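Below is one structure, written out as structure tokens, with a few remarks after it.
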Protein chains: 2
Amino acid sequence: MIDIYSVLFNKIIAGEYPANIRLKEEVLSAEFNISRTPVRAVLQQLEQDGLVQISPNKGAKVLPFSADEIEEIYEIRKSLELLCLEISAPILSMQKLLELKREMITNLNKEDVKIHADLDAKLHDYLINSTGKKRLIQMLNQLFRLIQKFRSLGFMQKDTKESATKEHIEIIDAISMRNTVLAKELMRKHIDNSKMIALGQLYKF
Amino acid sequence: MIDIYSVLFNKIIAGEYPANIRLKEEVLSAEFNISRTPVRAVLQQLEQDGLVQISPNKGAKVLPFSADEIEEIYEIRKSLELLCLEISAPILSMQKLLELKREMITNLNKEDVKIHADLDAKLHDYLINSTGKKRLIQMLNQLFRLIQKFRSLGFMQKDTKESATKEHIEIIDAISMRNTVLAKELMRKHIDNSKMIALGQLYKF
DNA sequence: TAATGTATAATTGTATACAAATAAATTTCA
DNA sequence: TGAAATTTATTTGTATACAATTATACATTA
């Protein structure tokens, strides 16, 4: 059941369904060889992701997932992640920050896309999870799932790998100096840059 | 089905269930005289509200809804509503703003709690909906549902009615002057004040 | 007795059957 | 013909039955 969820999730993100097309329970049941009951549960999950809209007695239709959507998600992400930074920056351990910085420097010029995508996730996840705010963490994770494809694709270009990691280092430095205002300003720019890179990847779908 | 959702929703918000208590499908079915199928759907909704946690094969348990939760929700709300303001402030119509201001002034000294609660909702909803950002709107509406009880209770005290409405007027004025920075600063303080008032109402449960 | 294993009960997960609502096709009548 | 009414088909909503999993109670053994 978790499986058919992620299959549908990825298909919608990838734009494999025409916008506003109706997802009929029976059709999906047949397609995945399961009954309608778990299909309905999956459709409800997708509705909460904002990927489909369910109307009473009319079923689920696929919502458009366009550049506007990605733009909006990045703006929301920025607001929430800046809130995270405000909360976590003053309490992060110097040791962990230095460790992260060392890792960033070590891998600055590496080619492997996965290394950079993982490092990116590691820093952001650390800042977010350190807040200990369960709702905030859950909301950001949900947003990340929606844009994860675009995030990793962004690291395909060599210069974005390097510039993103440099921005990470600057952010870590600002936090280490306990300069939260500067850290937030750098993070704001960093997420704006990420947004532009993500939008640049859109044509690939 | 929508009915049993709101009943359970309100019971959890009101703290009528001990934290971590398990909500068994069969028990709820019997209680509401419906089958387990719609009960399961409702529990999934409540999970998305962050009010229960569902674990595979273990069912749903009620999550604690404490002062910490309310504090966190207000902080998230503040971040997202400031984003809304940034987007909508430059494009709001002078006419509608003046109309709202007039309404605020007219009702400034009214006793009726409902009048003030409605005015509060009217302004905030206006600023939020004018952004046209569907996800942002949906997220804020979900947060509002969680704190609505505390919002209205806050207007029971006479001085909060008046001060909140005065803050609304100041915010409208700043927007009218197209001074978004000032509007955001005033909104930040306004939501912080609302948070304190909401937290002050907590003991009533 | 305490720990482990086994049987039983309770609970969740899924499939299927039927009811209710909606959409599509057909008929009726001006 | 064409609009309204009626019937039929399709689809979603709910109830129920059964399967799979987890929790509990009991028995066994060291």
Side-chain angles (χ1 to χ4, degrees), chain A residues 1-13 15-65 134-135 138 141-142 145, chain B residues 1-13 15-65 134-135 138 141-142 145:
Chain A
M1 192 209 97
I2 184 80
D3 195 51
I4 106 151
Y5 166 72
S6 56
V7 169
L8 283 175
F9 183 99
N10 288 322
K11 278 178 118 174
I12 296 173
I13 296 284
E16 288 181 31
Y17 289 108
N20 296 315
I21 204 176
R22 192 164 161 192
L23 295 180
K24 293 179 188 170
E25 297 174 1
E26 194 116 23
V27 173
L28 295 173
S29 293
E31 198 175 328
F32 293 99
N33 270 304
I34 54 176
S35 74
R36 278 176 52 217
T37 310
V39 168
R40 282 175 69 82
V42 165
L43 291 175
Q44 277 191 92
Q45 293 288 323
L46 292 171
E47 187 187 33
Q48 277 302 329
D49 289 326
L51 295 180
V52 309
Q53 181 180 38
I54 298 177
S55 314
N57 290 309
K58 302 221 176 159
K61 72 171 183 182
V62 175
L63 292 174
F65 193 77
K134 283 182 302 178
R135 271 171 206 278
Q138 200 217 331
N141 282 333
Q142 187 166 353
R145 281 199 297 278
Chain B
M1 192 210 96
I2 184 82
D3 196 53
I4 106 151
Y5 166 72
S6 57
V7 170
L8 283 175
F9 183 98
N10 288 322
K11 277 178 119 174
I12 295 172
I13 296 284
E16 289 180 30
Y17 290 108
N20 296 314
I21 204 177
R22 193 166 161 191
L23 295 180
K24 293 177 187 171
E25 296 175 1
E26 194 116 24
V27 173
L28 296 173
S29 293
E31 199 175 326
F32 293 98
N33 271 305
I34 54 174
S35 74
R36 278 176 50 218
T37 310
V39 168
R40 282 175 70 83
V42 165
L43 291 175
Q44 276 192 96
Q45 293 288 324
L46 293 170
E47 187 188 33
Q48 278 301 332
D49 290 325
L51 295 179
V52 310
Q53 181 180 39
I54 299 177
S55 313
N57 291 308
K58 301 221 175 155
K61 71 172 184 181
V62 176
L63 293 173
F65 194 77
K134 284 182 303 179
R135 272 169 205 278
Q138 201 216 334
N141 282 333
Q142 187 166 353
R145 281 200 297 279

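We name chains A, B, ... by the order of the sequence lines, and we start the count at 1 in each one. None of these values were measured; they are calculated from a predicted model.
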(message) For A:Glu16, I'd like to know if atom CD has over 12 heavy atoms of other residues, nucleotides or ligands within 6.0 Å.
(response)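 Result for CD/A:Glu16: enclosed.
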(message) Taking atom CD as the centre, does A:Glu31 end up with more than 12 heavy-atom neighbours from other residues, nucleotides or ligands that are less than 6.0 angstrom away?
(response)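 Counting other residues, nucleotides and ligands, CD of A:Glu31 exceeds 12 neighbours.
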(request) Evaluate the side-chain proximity of A:Val52 to A:Leu8: yes if any heavy-atom separation is below 4.5 Å, no if none is. (result)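 A side-chain contact is absent here, since even the closest heavy-atom pair is not under 4.5 Å.
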(request) To the nearest 10°, let me know how far the axis at one end of the helix from C:dT1-D:dA30 to C:dA30-D:dT1 is tilted from the axis at the other, five pairs an end. (result)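 Rounded value for the end-axis angle: 0°.
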List, with names and distances, any nitrogen or oxygen atoms from the protein found under 3.5 Å away from nitrogen or oxygen atoms belonging to nucleotides 6-8 of chain C.
none

Show each protein N/O and nucleotides 22-24 of chain D N/O combination with a separation under 3.5 Å, one pair to a line.
unit_1: D:dA23; atom_1: OP1; unit_2: B:Lys58; atom_2: NZ; d: 3.4

(message) Can you list everything that forms a side chain to side chain donor-acceptor pair (under 3.5 Å) with A:Gln142? Sequence neighbours excluded, please.
(response)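 Listed in chain order: A:Asp49.
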(message) So, does A:Arg36 get its side chain near the phosphate of C:dT14, meaning an N or O under 4.0 Å from OP1 or OP2?
(response)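 For A:Arg36, the contact criterion (side-chain N or O under 4.0 Å from OP1 or OP2 of C:dT14) is not met.
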(message) Please confirm whether the shortest side-chain N or O distance from B:Ser35 to OP1 or OP2 of D:dA15 is below 4.0 Å.
(response)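 Yes, within the criterion.
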For residues 53-64 of chain B, tabulate all N or O donor-acceptor pairs below 3.5 Å that involve a side-chain atom, not counting sequence neighbours.
none

(message) Could you measure the distance from the CD atom of A:Gln44 to the CD atom of B:Glu47? Nearest 0.5 Å is fine.
(response)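 Atom-to-atom, A:Gln44:CD and B:Glu47:CD are 10.5 Å apart.
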(message) As a test of reading the structure: which of C:dG13, C:dA15, D:dG13 is closest to the side chain of A:Ile34, going by heavy atoms?
(response)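 Per side-chain heavy atoms of A:Ile34, the pick is C:dA15.
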(request) Could you note down all residue pairs passing salt bridge (Lys or Arg N to Asp or Glu O under 4.0 Å) where residues 34-44 of chain B supplies at least one of them, sequence neighbours left out? (result)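 Residue pairs passing salt bridge (Lys or Arg N to Asp or Glu O under 4.0 Å), neighbours aside: B:Glu25-B:Arg36, B:Glu25-B:Arg40.
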